[in-house]
Amino acid sequence: MEAAVDFLRAIVTSDVAAGKNDGRVVTRFPPEPNGHLHIGHSKAISIDFGIAAEFGGRCNLRFDDTNPEREEIEYVEGIMGDVRWLGCDWGESLFYASDYFEQLYRWAEAIIRKGKAYICDLTADEVREYRGTLTEPGRESPYRGRSVEENLELFRGMRAGEYPDGARTLRAKIDMAAPNLNLRDPVMYRIRRATHHRTGDAWCIYPSYDWAHGQSDAIEGVTHSLCSLEFEDHRPLYDWFLDQIELPHGRPRQIEFARLNLTYTVMSKRKLRALVEEGHVGGWDDPRMPTLSGLRRRGYPPEAIRLFLERIGVAKRNSTVDIRLLDDTVREYLNSRTSRVMAVLKPVRLVIDNLPEGEVEWIEVANNPEDPAAGLRNVPFTRVLYVERDDYRDPPPKGYFRLYPGNEVRLRGAYLVRCTHATSDSEGNPIEIHCTYDPASKGTAAEIGRKVKATLHWVSAEHSLEGEVRLYDHLFTVSDPEDEGHGGDFRSCVNPASLEALTGCRLEPSLSGAAPGARYQFERMGYFCVDSRDSRPGRLVFNRTVTLRDTWAKIEKARQGK
RNA sequence: UGGGGAGUCGCCAAGCGGUAAGGCAGCGGCCUUUGGAGCCGCUAUCCGCAGGUUCGAAUCCUGCCUCCCCAACCA
């Protein structure tokens, strides 16, 4: 399939062809350091860095740190780590909007001198009243007519800290009757005595987003300022401000695209923060979180995330992508590159009655049938094994191919075994399954002239390691937790079963040295990764990244549904 | 109701006047020492609706409908 060119790349292509900005392409990723990045941001990252790279340009990482009250250094470090993890390189181009405070201030004075901005003494509440409504024009501030000299003096006073917080603002003088509310004399500076994570107490006035953003783009020579749809209304203001200053480089152009939404999760910093602070999850890096740190800990490879982003494309339509597309992409990516290993999550003993006690056969198995280069390993085959509890049913449901009295199945990499009987508890749960094996049954169906319908994973009881395995499900029980239509807010549909921690799992011995972050496919179960926080040698903890496709589970589920 | 956007298969998404790509999901089947993986086939006579222009429209025009965003000294 030929990858279709999205509208952003089409625009950049034609700008370059038209010789705009001498054919340079400079983008920027402008996070506010007030939270951790999530997969939604990775769409922007992938677009910003991806387009720059494709056009031989550069992408700046710029922290939009114009609001000292909620920004912290901890977040800038986390964000840099996340961007790097995604494989994006900003080289020397690490910037902070706060680096431009002095330049911004000088430009603001120049705008005042042109009579295009004024100091307003209205309170926040009054500003809101004067702004008018969606359908009614606003009224002009009584301070709108101040002289340039007075404005300049007051503005300097604001900078010098002569007025209390919130007492005055610098406002652009545009049009209080503009149908676009952003043009009704927007605030450029507010007084806020807060210690900034970079400039400390050097400033007590801070520029607003609208005033800082486009000018920062201009300072950095950004050519294409790509942002999300909600800033469409701000574009006329972005352009207005650009018109007021002497452009140091070319003229940046803002273009908007639709942000990413995913089913069964939330994507707003506010809500993610609430999940963390209210203890619904273990932290920003909880493997159930859509944060990049959560996805990383869960075992999602950054390459798979980027592949996913390529698949969903970019457009201007608000959309919510089915999270199964992400799952599928991760599976596809991991399939060819992950070693197979056997791990029994919910173990039950299986005794091979015709195999002598104490006998051990080290069976050679492929690490990855999809990749011969992955090599071979040996797994011990003994009289007493563990198999998955789900792999025994008596009586067997229709279409069940696994263990039940009389049935024969394959033990992966090893022999065919026929179930003879099983002991069970009062509830009917198997305690110990008994089988006999056929020593002549190693080999393919063609080789041994016999076919069975199921192959089971197993581990030697004696040799296996004990470990913990954490199974994850969607964080929310509904596909659109943002939709509060059905009672309660997003908190009320947090999935109580989103984490299932299994202890007493049995792992094949080759896993003994598994390093934090290492990924494996547990045969028939899914892709798992060693937890980077809680796993210890001798006390391994695995996170399930994603399950394998499970046709049987689908059949059973469909049956239950009926 | 003012302004700004968007409406193509269940979910994404191509298409830009010449007669509906692709992916995911779904449904059949093949193959298989993972009910995994892989492979094959099927699934929009139709592009929010209604008119119009044209030999010909999802693509152009008109009107209408629906959804999203905007009234922080947040970004």
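Just so it is clear: chains get the letters A, B, ... in the order the sequence lines come, proteins before strands, and each one is counted from 1. Keep in mind that the numbers below use all heavy atoms, side chains included, and drop hydrogens, waters and symmetry copies. Computed from a prediction, not measured in an experiment: that's the story for all the values here.
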Looking across every strand, which nucleic acid part, if any, lies under 4.0 Å from A/Val409 by heavy atom: base, sugar-phosphate, or nothing?
-> nothing
Side chain to side chain contact (heavy atoms under 4.5 Å, CB included) against A/Asp99, all qualifying residues, sequence neighbours excluded | A/Tyr96, A/Arg198
Using a heavy-atom cut-off of under 4.0 Å over every strand shown, decide if A/Thr263 touches base, sugar-phosphate, or nothing.
-> nothing
Taking a pair as Watson-Crick or G-U wobble with both distances under 3.5 Å, which nucleotide is matched to B/A72?
-> none
Residues which pass side chain to side chain contact (heavy atoms under 4.5 Å, CB included) with A/Ala374, listed by chain and number, not counting sequence neighbours = A/Asn367, A/Asn368, A/Asp371
Would you sort out whether A/Tyr105 and A/Phe155 count as a ring-ring contact (aromatic ring centres under 6.0 Å, His included), showing the intermediate values?
-> CA-CA 10 Å; A/Tyr105 178 85; A/Phe155 189 43; 4.7 Å; yes
Which one is paired to B/C49, where only Watson-Crick or G-U wobble pairs with both distances under 3.5 angstrom count?
-> B/G63
Set of side chain to side chain contact (heavy atoms under 4.5 Å, CB included) partners for A/Ala258, sequence neighbours left out | A/Leu229
Its glycosidic angle compared against 90° from 0, B/A14 adopts the form anti
A/Arg146: side chain to side chain contact (heavy atoms under 4.5 Å, CB included) partners, not counting sequence neighbours | A/Ile119, A/Asp121, A/Tyr143, A/Glu150, A/Asn151, A/Leu154, A/Arg168
Going from CG on A/Leu309 to NZ on A/Lys43, what distance comes out if it is rounded to the nearest 0.5 angstrom?
-> 7.5 Å
Determine, step by step, whether A/His196 and A/Phe101 satisfy the ring-ring contact (aromatic ring centres under 6.0 Å, His included) criterion, reporting the C-alpha distance in whole Å, the side-chain angles of both residues, the deciding distance to 0.1 Å, and the verdict.
-> CA-CA 12 Å; A/His196 187 279; A/Phe101 282 174; 5.7 Å; yes
Residue matched to B/C9 through Watson-Crick or wobble contacts both under 3.5 angstrom | none
Which parts of nucleotides 32-38 of chain B does protein reach within less than 4.0 Å, heavy atoms only, written one letter per nucleotide 5' to 3' as B for base, S for sugar-phosphate only and - for none?
-> SBBBBS-
Base, backbone or nothing for each nucleotide of nucleotides 68-75 of chain B, written B, S, -, heavy atoms under 4.0 angstrom, 5' to 3'?
-> SBBBSBBB
Lys NZ or Arg CZ of A/Arg337 over A/Tyr333 ring: under 6.0 Å, within 45° | yes
